[in-house]
Amino acid sequence: MFSGNYQVQGTIFPNPNSDPMMDAQMIGGALQGFGCDKDVLINILTQRCNAQRIMIAEAYGSLYGRNLIEDLRENLDGHLKEVMVGLMYSFPAYDAHELYHAMKGAGTDENCLIDILASRTSSDIFQMKEIYLMQYGSNLDESIYSETSGHFRDTLINLVQGVREEGYPDPGIAAQDAMVLWDACQRRTGEHKNMMQMILCNKSHQQLWMVFQEFQNISGQDIAVAIEECYDGYFQQLLLAIVSCVRDKPSYFAYRLHAAIYDFGFHNKTVIRTLIARSEIDLMNIRQRYKERYGNSLYHDIKNFASGHYEQALLAICAGDGQDY
């Protein structure tokens, strides 16, 4: 059965008690005067859905004639600022923001590019591309082309086209595609790498699920194991991310969060980006996969590695129903 059939559930929902004008007044009071009442900011902005937060920002602008995002930037610092500011973007705008900063300046955060582009739908990508162009004055695919290279770059640009097919899977085509993938793993030429990424980037998730089953039948090997053996570098990581997102997106993000917390000494950007971006989509599912796979709860691990108001904000986004699992 196609794994995408599970019921996805986030941790943040529309708050029935939210009054944008009253929330804006409370935030205005929290930001004025000496210091800043961070508790008020966290209590309001983590307990409102994205659409409600955007309404609060509009009300704030009407009340004070100022931009709420800019005022948050001026009054907060460190990772708490990243969380609070990140919450104020629409989800496509947040993706565009993260992609831009992943490629801005010296060096590129390839893992950020992988996390976003391997996991978003064609509709998500279309919206983020429009905002990216409007906000930063350049095409997303042009930025990727200038900041990455090789087959990794080709695969990212293919994903950015947002042309993944939809519709019912075709068993006959799945068998043909599985043969192409197996051939690509054996030969490993540039042309075969192109064929590999074309199939993984353009076929529907339902179709790919069937392709992966056919691949196992033909080769006696799991597609992810074959990719790990045949390729390396960021190209390999991107292909594996696509495969993982096809099979079970919450498991992919549970893996990325665990790696960010334990393998990189709490990689704050990855943790913040994942919690915010998935908060209204499948963060509850991610928490469940995290506990099943690693024993500890995500809530517990964040509490162990973060501190202060930053910890408070992350836990509020993660909490959902408040249960520690």
Side-chain angles (χ1 to χ4, degrees), residues 4 8-14 20 45-46 48-61 67-70 72-73 81-104 108-145 147-148 155-166 201-202 204-205 238 241-242 245-246 249-250 252-253 256 269-286 317:
V8 294
Q9 185 181 0
T11 56
I12 295 179
F13 305 92
L45 296 180
T46 64
R48 308 291 186 269
C49 71
N50 190 252
Q52 290 175 327
R53 292 193 294 267
I54 290 170
M55 290 171 67
I56 291 169
E58 291 171 354
Y60 185 92
N67 183 293
L68 178 53
I69 288 180
E70 293 307 317
L72 290 170
R73 282 199 177 108
K81 176 171 72 173
E82 293 177 49
V83 177
M84 293 293 103
V85 170
L87 286 168
M88 297 311 303
Y89 288 100
S90 70
F91 290 122
Y94 185 58
D95 280 345
H97 172 272
E98 291 296 288
L99 289 170
Y100 175 77
H101 287 281
M103 296 183 281
K104 180 184 177 185
T108 298
D109 184 351
E110 288 87 356
N111 286 313
C112 175
L113 303 184
I114 292 170
D115 282 352
I116 293 175
L117 295 176
S119 64
R120 302 311 192 249
T121 66
S122 295
S123 175
D124 294 335
I125 289 171
F126 178 77
Q127 292 178 71
M128 83 172 70
K129 282 172 65 177
E130 283 198 322
I131 293 172
Y132 191 96
L133 177 60
M134 183 171 59
Q135 194 72 33
Y136 305 110
S138 59
N139 289 311
L140 178 56
D141 49 0
E142 291 175 357
S143 297
I144 289 170
Y145 190 87
E147 297 297 328
T148 58
T155 309
L156 289 172
I157 289 176
N158 197 340
L159 289 170
V160 167
Q161 303 314 306
V163 294
R164 190 177 291 284
E165 297 170 359
E166 297 180 2
C201 293
N202 297 343
S204 72
H205 281 200
L238 179 52
I242 295 170
C245 287
V246 167
K249 211 171 282 186
Y252 172 73
F253 283 113
R256 289 289 295 130
K269 286 188 178 298
T270 300
V271 174
I272 293 168
R273 181 179 65 247
T274 305
L275 294 188
I276 291 176
R278 310 309 297 185
S279 60
E280 292 181 35
I281 303 170
D282 55 3
L283 185 52
M284 188 62 73
N285 304 83
I286 292 167
I317 297 169

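Legend: residues meeting salt bridge (Lys or Arg N to Asp or Glu O under 4.0 Å) with Glu70, ordered by chain and number and at least two apart, are Arg73.
Side chains of Thr121 and Arg164 form no contact here, defined as non-hydrogen atoms less than 4.5 Å apart. Taking the side chain as every heavy atom from C-beta outward, Glu280 and Cys49 approach each other to under 4.5 Å. Side-chain contact between Met128 and Ile116: present, with at least one pair of heavy atoms (C-beta onward) separated by less than 4.5 Å. Counting only heavy atoms from C-beta outward, the side chains of Thr11 and Leu275 never approach each other to under 4.5 Å. Counting heavy atoms from C-beta on, the side chains of Leu117 and Leu238 never come closer than 4.5 Å. Between Ser90 and Ile54 the shortest side-chain heavy-atom distance falls below 4.5 Å. Residues Gln52 and Pro20 fail the side-chain proximity criterion, which asks for heavy atoms closer than 4.5 Å.
Sorted by first and then second residue, the salt bridge (Lys or Arg N to Asp or Glu O under 4.0 Å) pairs with a member in residues 111-139 read Asp95-Arg120, Asp115-Arg256, Asp115-Arg273; sequence neighbours excluded.
Put simply, NZ on Lys104 and CG on Leu99 are 14.0 Å apart, with the number rounded to the nearest 0.5 Å. Here the CE-CG distance, from Met84 to Leu68, works out to 11.0 Å after rounding to the nearest 0.5 Å. Here OH of Tyr60 is found 11.5 Å from CD1 of Ile69. Values are rounded to the nearest 0.5 Å. For the atom pair Phe253 CZ and Cys245 SG, the distance stands at 5.5 Å (nearest 0.5 Å). Expressed to the nearest 0.5 Å, how far CD1 of Ile286 lies from OG1 of Thr274 amounts to 7.0 Å.
The local environment of OH in Tyr145 is sparse, with at most 12 non-hydrogen atoms from other residues, nucleotides or ligands closer than 6.0 Å.
Ion pairing between Lys269 and Glu98 fails under the 4.0 Å rule for side-chain N and carboxylate O.
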What's the verdict on side chain to side chain contact (heavy atoms under 4.5 Å, CB included) for Ile272 and Ile276, showing C-alpha distance, side-chain angles and the deciding distance? CA-CA 6 Å; Ile272 293 168; Ile276 291 176; 3.7 Å; yes
Could you walk me through whether Val83 and Leu45 pass the side chain to side chain contact (heavy atoms under 4.5 Å, CB included) check? CA-CA 10 Å; Val83 177; Leu45 296 180; over 6 Å; no
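A donor-acceptor pair shorter than 3.5 Å cannot be found between the side chains of Tyr100 and Ser138.
Remark: the backbone N or O of Val160 is not paired with any side-chain donor or acceptor of Asp141 at under 3.5 angstrom. Put simply, the side chain of Ser279 never gets that close to the backbone of Ile12: no donor and acceptor are under 3.5 Å apart. When atom types are taken as modelled, the side chain of Ser204 and the backbone of Glu166 share no donor-acceptor pair closer than 3.5 angstrom. Within the 3.5 Å criterion, the main-chain N or O of Leu87 finds a donor-acceptor partner in the side chain of Arg53. Remark: side-chain polar atoms of Asp109 are paired, donor with acceptor, to backbone N or O of Cys112 under 3.5 angstrom. Between the Asn285 side chain and the Gln9 main chain, a donor and an acceptor come within less than 3.5 Å of each other.
By the 30° and 60° cut-offs, the orientation of the rings of His101 relative to Tyr136 is perpendicular. Ring orientation note: the planes of Tyr94 and His97 are close to parallel, at an angle under 30° on the 30°/60° scale.
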